[in-house]
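Working notes, structure below.
Chain letters run A, B, ... following the sequence lines, proteins first and then strands; every chain starts at 1. This one's a predicted model, so the numbers in the text were calculated from it and none came from an experiment.
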Amino acid sequence: MAKRDLATLRHSTAHILAQAVKELFPKVKLGIGPSIPDGFYYDFEKKEPFTPEDLKRIEKRMAEIIEKDLPFKKRMLEREEAQRLLKRDKERFKLELLKGLKGKRISFYATGDFNDLCKGPHIKSTKEVEAFKLTSMAGAYWRGKETNPMLQRIYGTAFFTKEELDEYLRNIEEAKKRDHRKLGKSLDLFSIHDEAGAGLVIYHPKGAILRKIIEDFIEEEHEKRGYQSVITPHMYRIDLWKRSGHYDFYRQLMYFFEIENQEYAIKPMNCPGHVLVYKSKIRSYRDLPIRYFELGTVYRHERSGVMHGLMRARGFTQDDGHIFCTPEQLKEEIEKAVFFALDILKTFGFGYKLILSTRPEDYIGSKKNWEQATEALKEALKESGLDYEIAPGEGAFYGPKIDIQIADALGRLWQCSTIQVDFNFPEKFNLSYTGRDGKRYRCIMIHRALLGSMERFLGVLIEHYGGAFPVWISPVQVKILPIAERHMEYALEVKGRLERENLRVELDSRNEKIGYKIREAQLEKIPYMLVLGDKEAKSGSVALRLRSEEDLGQVKVDEFVSKVSREIKRKKN
RNA sequence: GCCGAUGUAGCUCAGUGGUAGAGCAACUGCAUGGUAAGCAGUAGGUCGCCAGUUCAAUCCUGGCCAUCGGCUCCA
């Protein structure tokens, strides 16, 4: 084995899992069992799903196999021989895999009596697996296709040492504490109700403040960069959706209804509205590029089972912008948009990953336009010198796109920013501008959202900060904690002073002990706690405690105000 | 949508074929307390929804809804 290769170790552990399953459930058929970033899985075809008890038994059997110190033996078989073997065992999925393999000789790996089609490499012996654990169980389509049969997937992980495994499991627990759904509840930010509908987010006052601050921020940044705000309706007659192509390509995700014999649909995207603004008069090349911006709320009928708190909702608000430009301006506009997005993400201290998505199977427009658009995106990425990956076939139905993904607490990646070129909309709506020569030219349209949606972005943000938001976006920035009732008067005075400085302040006026008040403020993850007692009242100061548990002692009120104001202004992370 | 699990008080969770409990929170009172939970009392539940089995269902069966872990799809 390549020395200490985690992927090899994990893949080998997947073999041991399959071996254990085969020993305990001989009728089970095998799918595939690769290593993945966090561990490994193996897919099985089995009528009755595995139970949690089964997992325990399997885990135990795996430990026994490991104890046996079985060597991984590689065998090269002639294709015909391999086929005969797999046919004999009725391994229909493996047979399908075999068909896809090139070459005459096929490699198998055996541990004891268990034999698996596999290109390797593997560890030397089962005994090398020191630390493993089966983590979960789920259904998964064969080869990831929805139309294929569903197999039972068992997930697990393996490490070289017990300590590493324990640390991994601890990290998972830590990440769970940061789950935005949990924090959203405990910090009183938002809620989602069965009664109101799945995937529909209701913001509580603190969540609304958080969102509003970020909305104001993003709106300002757009204005600084030459975007004009527009406001468009939440629904249109289906005539518009037919013209835009959404009726044909996006219908299954849209909500329709009929009033007085007219059919309407709620908007799943903001583009048609912006296009109508553009079309409202004749545009000249001198006007371009035109950039429209809107915090546009859209509704998409996401299939049940895909919702995920704020990260995946049915109603969400995009920081949506549409740029109308000439072909000559395209590249520069894309570059500007990419750097704009990265600038915003930097403000929040995010890491990110750029992805170029190309033409999907279902698409509108000509192949030539698609190629041209994809090229423009590539060029822009190249010139900006940024690393990116390519996701073939992942583009939107109307054009290729550059996506930016950021990671949540559990390392799951979420697409937030997206920048999409569109040659098709301009054709469908006959969008044009008058050139220098007086002739009409077709303009190009760019769709782009930087935060993506307020919902998803807030979800990622909550997990990113673990609920301990930087002061500038904290729903409550300061909490005043008077020690006894006789300090209320001074507490109110300080509160008034801070409010005049536009700080978001709460006063805990309850008749409780200071330790109790601190505990609550701490759980609410409020950045600054001001403890007020006799000493503070006398000297016109506050005893400053941070949520990091640091006690900064007595500070003059003025000093505190200027310290906090500075941090807010700098948007300190 | 698919596979599996789950759904009991505001929150976190026990529990049983004979219509339910704990801790925290809430409310009331006592205590006026200096950096993560003071004490006592009170109130709070169509046991997700709808059917069925049963003398009797929160518990058993079926359907639906929602949530969680995945798959698929996506901002």
Does [X] pair with [Y] as a salt bridge, N-O distance under 4.0 Å?
X: A/Glu215; Y: A/Lys212; result: no
X: A/Glu91; Y: A/Lys29; result: no
X: A/Glu455; Y: A/Arg211; result: yes
X: A/Asp166; Y: A/Arg170; result: no

Say we look at [N] and [M]: how far apart would their [atom1] atoms be, to the nearest angstrom?
N: B/rG48; M: B/rU6; atom1: C1'; value: 11 Å
N: B/rC47; M: B/rU19; atom1: C1'; value: 10 Å
N: B/rC59; M: B/rG7; atom1: C1'; value: 14 Å
N: B/rC13; M: B/rG17; atom1: C1'; value: 23 Å

Between A/Met488 and A/Ser509, which heavy-atom pair has the shortest distance, and what is it? CE-CB, 3.6 Å
Would you mind classifying the nucleic acid contact of [X] as base, sugar-phosphate or nothing, using non-hydrogen atoms under 4.0 angstrom?
X: A/Asp403; result: nothing
X: A/Arg153; result: sugar-phosphate
X: A/Gln415; result: sugar-phosphate
X: A/Leu523; result: base
X: A/Ala543; result: base
X: A/Met529; result: nothing
X: A/His308; result: sugar-phosphate

pi-stack flag for A/Tyr155 and B/rG70, centroid dist under 5.5 Å, interplanar under 30°: no
Got a list of protein N/O to nucleotides 42-44 of chain B N/O distances below 3.5 Å?
none

Confirm from the modelled atom types if [X] and [N] form a donor-acceptor pair under 3.5 Å, side chain to base only.
X: A/Tyr141; N: B/rG1; value: yes
X: A/Glu536; N: B/rG34; value: yes
X: A/Arg303; N: B/rC73; value: no
X: A/Arg314; N: B/rC74; value: no
X: A/Arg456; N: B/rC74; value: yes

What nitrogen or oxygen pairs link the protein and nucleotides 3-14 of chain B at under 3.5 Å?
unit_1	atom_1	unit_2	atom_2	d
B/rC3	O2'	A/Gln152	OE1	3.4
B/rC3	O2	A/Gly139	N	3.1

Walk me through it: do A/Glu520 and A/Lys517 pass the test salt bridge (Lys or Arg N to Asp or Glu O under 4.0 Å)? CA-CA 5 Å; A/Glu520 286 215 341; A/Lys517 294 182 182 179; over 6 Å; no
Check whether any side-chain N or O of A/Lys176 sits under 4.0 Å from OP1 or OP2 of B/rG69, and answer yes or no. no
Scanning all shown strands, the Watson-Crick or wobble mate of B/rA31 with both distances under 3.5 Å is none
Do A/Arg10 and A/Phe40 form a cation-pi contact, if we require the NZ or CZ to be under 6.0 Å from the six-membered ring centre and within 45 degrees of the ring's axis? no
Does NZ or CZ of A/Arg251 fall inside the cone over A/Tyr247's six-membered ring, less than 6.0 Å from its centre and within 45° of the axis? yes
Validation row, ring centre A/Tyr398 to ring centre A/His447 under 6.0 Å: yes
Please identify which of these residues, A/Asp320, A/Asp403, A/Ile402, meets the side-chain contact (heavy atoms from CB on, under 4.5 Å) condition with A/Thr418. A/Asp403
Name of the residue among A/Val542, A/Leu507, A/Ile514, A/Leu481 meeting side-chain contact (heavy atoms from CB on, under 4.5 Å) with A/Leu532: A/Val542
Counting only non-hydrogen atoms, which of residues 506-518 of chain A are less than 4.0 Å from RNA chain B? A/Arg510, A/Asn511, A/Lys513, A/Ile514, A/Gly515, A/Tyr516, A/Ile518
